[in-house]
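Everything below concerns the one structure shown next.
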Amino acid sequence: MSNPNGFRKKQSPPRLSVPEKVKTSLKLLIYSHDWAPLVGGVQTVTKDLAEGISSWSKTHANQVIDVTLITDSAAGDMNDSVLPFRVIRRPGFASLLANIWSADVVHLANPAFLPLVIAWLVRKPTVIEHHGYHAICPNGLLLYTPDSSACPGHFMAGAYGKCVACCSETMGGMRGFRTVLFTFLRRWLCAHASANIAISDHVAQRICLPRTQTIYHGVRDSGFDIPLKTLTAEYCLQIGYVGRFVEEKGLPILIQAAKKLKEGGVSFRLTLIGDGDMREKLESEIDSQGIRDRVRFTGYLTGTALELALEEIQVIVMTSQVEEAAGLAAMEHMMRAGLVVVADIGGLGEVVGEAGLKFVPGDPNSLFIRLREIAENPSAFEHLAMAARRRAAEKFTLPAMIQEHVSVYQRL
């Protein structure tokens, strides 16, 4: 109909429909051979990662990451139903294959052989997080077991006879030989993985694999930004160790240094938090060194019990005699604004940086000198506690670890 004034009526432009953001779903499978309720760095980090990604999905409207964690560890008294992700324990081959087949991305905590082979055969995007040295060392520790020394890297140097001798020491000849052979295939599969994650720059340099990036462990932030227990001369020095009692951790070095402290008249208490195969040997060593009255064993502690124990500790010591990949206990104590004293080896020196004290690996006298310096002049080291807190808050936060992992999954 014509306009009576002779003007054509202006028509409104057609409305354009704006598509809503599509909510996408990504199925993530995390595999950790050993997991909770077992205690260790890998177990702690993978649990925090799975929980963190599940929480991340709730705050991001455009993507959901559905997490399933598979492990060969039994549940024990642990109730998996309260976790915000699905847990499958001790799956058969058919179940493992089906879950890898249905996943969008597979994340392996260390290059576990069977899931690594399956993921490659079915062409699934695979992320391998290297918590150790399995891609360059048959035992994954860079520990030469015949004389309990740090391995210089025999496998990568082509000294395969040394590797066979090392593995045969604990596995027997045939199994040791087979383990060395499998290391060739494991390394080849790692080199063809979609992405490799190293937990420190040291590990990244050591494994020397394509498509590798470093993502540091993230630790929970207690919120404290001052030392929990002031380092003053009126208290005896509270020294602590947190972790497994196994050969590669070098705990006899700490016991020998503690004896020197007692002989030197230094007032101290040593708390050993954890457990492991060397517990009986350590008990015997403590008795033979005459320091039973200065040492306390707590066993494994978690949650509130662990926090309460750590509140009393001024200095965390890590005496690893092999190349520690990172040092989760050091990161956690740094986040609490605690002082750390570590062997200057592997990723430990990198993690601590200039925010802690270091000693010569395997040298109890070098450790003794460091601890005596702290006991005799504690105020001179308080600045390191704050430096440790700042470094941890900058590099080892849980949200950063979660986001960096999510970015890797999304990219794949």
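All heavy atoms count here, side chains included; hydrogens, waters and symmetry mates do not. Count residues from 1 along the sequence. These numbers were taken from a predicted model, which means no experiment stands behind them.
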**Study point:** side chain to side chain contact (heavy atoms under 4.5 Å, CB included) between His107 and Tyr409, worked out
**Key:** CA-CA 9 Å; His107 175 117; Tyr409 305 145; 2.8 Å; yes
**Study point:** Residue pair Thr126, Trp120: steps toward the side chain to side chain donor-acceptor pair (under 3.5 Å) verdict
**Key:** CA-CA 8 Å; Thr126 304; Trp120 181 79; over 6 Å; no
Exercise for review: Start with the C-alpha gap between Arg220 and Asp48, add the side-chain angles, then the distance that decides, and say whether salt bridge (charged side-chain N to carboxylate O under 4.0 Å, His left out) holds.
Suggested key: CA-CA 9 Å; Arg220 298 184 184 277; Asp48 286 344; 2.7 Å; yes
Check your understanding: Between Ile316 and Val242, is a side chain to side chain contact (heavy atoms under 4.5 Å, CB included) present by the stated rule, with each step listed?
Key -> CA-CA 8 Å; Ile316 285 288; Val242 182; 3.9 Å; yes
Practice item. Would you please test Gln410 and Gln63 for side chain to side chain donor-acceptor pair (under 3.5 Å) and show each step? Key: CA-CA 10 Å; Gln410 291 173 329; Gln63 183 164 47; 2.7 Å; yes
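Closest non-hydrogen pair, Met318 versus Ala329, comes out as SD-CB, 4.3 Å. The two residues Asn79 and Val82 have their closest heavy-atom pair at O-CG2, 3.1 Å. Here the closest heavy-atom approach between residue Asn110 and residue Gly132 is recorded as OD1-N, 3.4 Å. Of all the heavy atoms in Pro111 and Leu116, the pair that sits closest is CB-CD2, 4.0 Å. Between Ser168 and Val164, the shortest heavy-atom contact is OG-O, 2.7 Å. The two residues Cys166 and Pro146 make their nearest non-hydrogen contact at CA-CD, 3.8 Å.
For Tyr160 and Phe184, the ring centers sit closer than 6.0 Å to each other.
The main-chain N or O of Val322 is never found under 3.5 Å from a side-chain atom of Ser320 such that the two would form a donor-acceptor pair. In terms of modelled atom types and a separation under 3.5 Å, the side chain of Thr212 and the main chain of Cys208 share no donor-acceptor contact. Tyr216 contributes no side-chain N or O that, together with a main-chain N or O of Val351, makes up a donor-acceptor pair within less than 3.5 Å. For the pair Thr59 (side chain) and Trp56 (backbone), a donor-acceptor distance under 3.5 Å is present. Side-chain atoms of His383 come within 3.5 Å of backbone N or O of Ala380 as a donor-acceptor pair. Side-chain N or O atoms of Gln321 include one that pairs as donor or acceptor with a backbone N or O of Ser148 at under 3.5 Å. When atom types are taken as modelled, the side chain of Ser284 and the backbone of Glu280 share no donor-acceptor pair closer than 3.5 angstrom. Between the side chain of Ser288 and the backbone N or O of Glu285, at least one donor-acceptor pair lies under 3.5 Å. Using a distance-only test at 3.5 Å, with no hydrogens or angles considered, a donor-acceptor pair links the side chain of Lys124 to the main chain of Ala103. Remark: side-chain polar atoms of Asp275 are not paired, donor with acceptor, to backbone N or O of Arg279 under 3.5 angstrom.
We find the CG-CD1 distance between Leu114 and Ile100 to be 7.0 Å, quoted to the nearest 0.5 Å. Going from atom SG of Cys236 over to atom CG of Leu261 covers 11.5 Å, rounded to the nearest 0.5 Å. From Ile65, atom CD1 reaches atom NE2 of His405 across 11.5 Å, with rounding to the nearest 0.5 Å. Interatomic distance, OG1 of Thr68 versus OH of Tyr31, reported as 14.5 Å (0.5 Å rounding). Expressed to the nearest 0.5 Å, how far CD1 of Ile215 lies from CD of Gln403 amounts to 10.0 Å. Of the inter-residue distances, the one linking Phe155 atom CZ with Leu142 atom CG reads 11.5 Å to the nearest 0.5 angstrom.
A salt bridge links Arg389 with Asp221: at least one charged nitrogen is closer than 4.0 Å to a carboxylate oxygen. A salt bridge is defined here as a Lys NZ or Arg NE, NH1 or NH2 lying under 4.0 Å from an Asp or Glu carboxylate O, and Asp287 with Arg292 meets this definition. Between Glu324 and Lys249 there is a salt bridge, with a side-chain nitrogen of the basic residue lying less than 4.0 Å from a carboxylate oxygen of the acidic one. Taking 4.0 Å as the cut-off between side-chain N and carboxylate O, Arg390 and Glu394 do not count as a salt-bridged pair. Using a cutoff of 4.0 Å between basic side-chain nitrogens and carboxylate oxygens, Glu373 and Arg370 are scored as salt-bridged. Salt-bridge check for Glu283 with Arg296: failed, with every basic side-chain N at 4.0 Å or more from each acidic carboxylate O. Residues Asp80 and Arg89 are paired through a salt bridge, judged by an N-O separation under 4.0 Å between the basic side chain and the carboxylate.
Atom CG of Asp277 sits in a sparse spot, with 12 or fewer heavy atoms from other residues, nucleotides or ligands closer than 6.0 Å. For Phe113, the CZ atom counts as densely surrounded, since its 6.0 Å shell holds more than 12 non-hydrogen atoms of other residues, nucleotides or ligands.
For the side-chain contact (heavy atoms from CB on, under 4.5 Å) criterion with Glu129, the lone passing option out of Leu108, Ile199, Val408 is Ile199.
Between Thr271 and Thr298, the closest side-chain pair of non-hydrogen atoms falls below 4.5 Å. Residues Leu189 and His192 form no side-chain contact, since every pair of their non-hydrogen atoms from C-beta on lies 4.5 Å or further apart.
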List, one per line, each side-chain donor-acceptor pair under 3.5 Å for residues 360-368, sequence neighbours excluded.
{"from": "Asp363", "atom 1": "OD1", "to": "Asn365", "atom 2": "N", "distance (Å)": "3.0"}
{"from": "Asp363", "atom 1": "OD1", "to": "Ser366", "atom 2": "N", "distance (Å)": "3.3"}
{"from": "Ser366", "atom 1": "OG", "to": "Val360", "atom 2": "N", "distance (Å)": "3.0"}

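Remark: Arg186 is not positioned above the aromatic ring of Trp188, lacking an NZ or CZ atom under 6.0 angstrom from the ring centre and at most 45 degrees off the axis. For Arg391 and Phe396, the positive end is not near the middle of the six-membered ring at less than 6.0 Å and at most 45° from its axis.
Lys262 is linked by a salt bridge (charged side-chain N to carboxylate O under 4.0 Å, His left out) to Asp293, counting only residues two or more places apart in sequence or in another chain.
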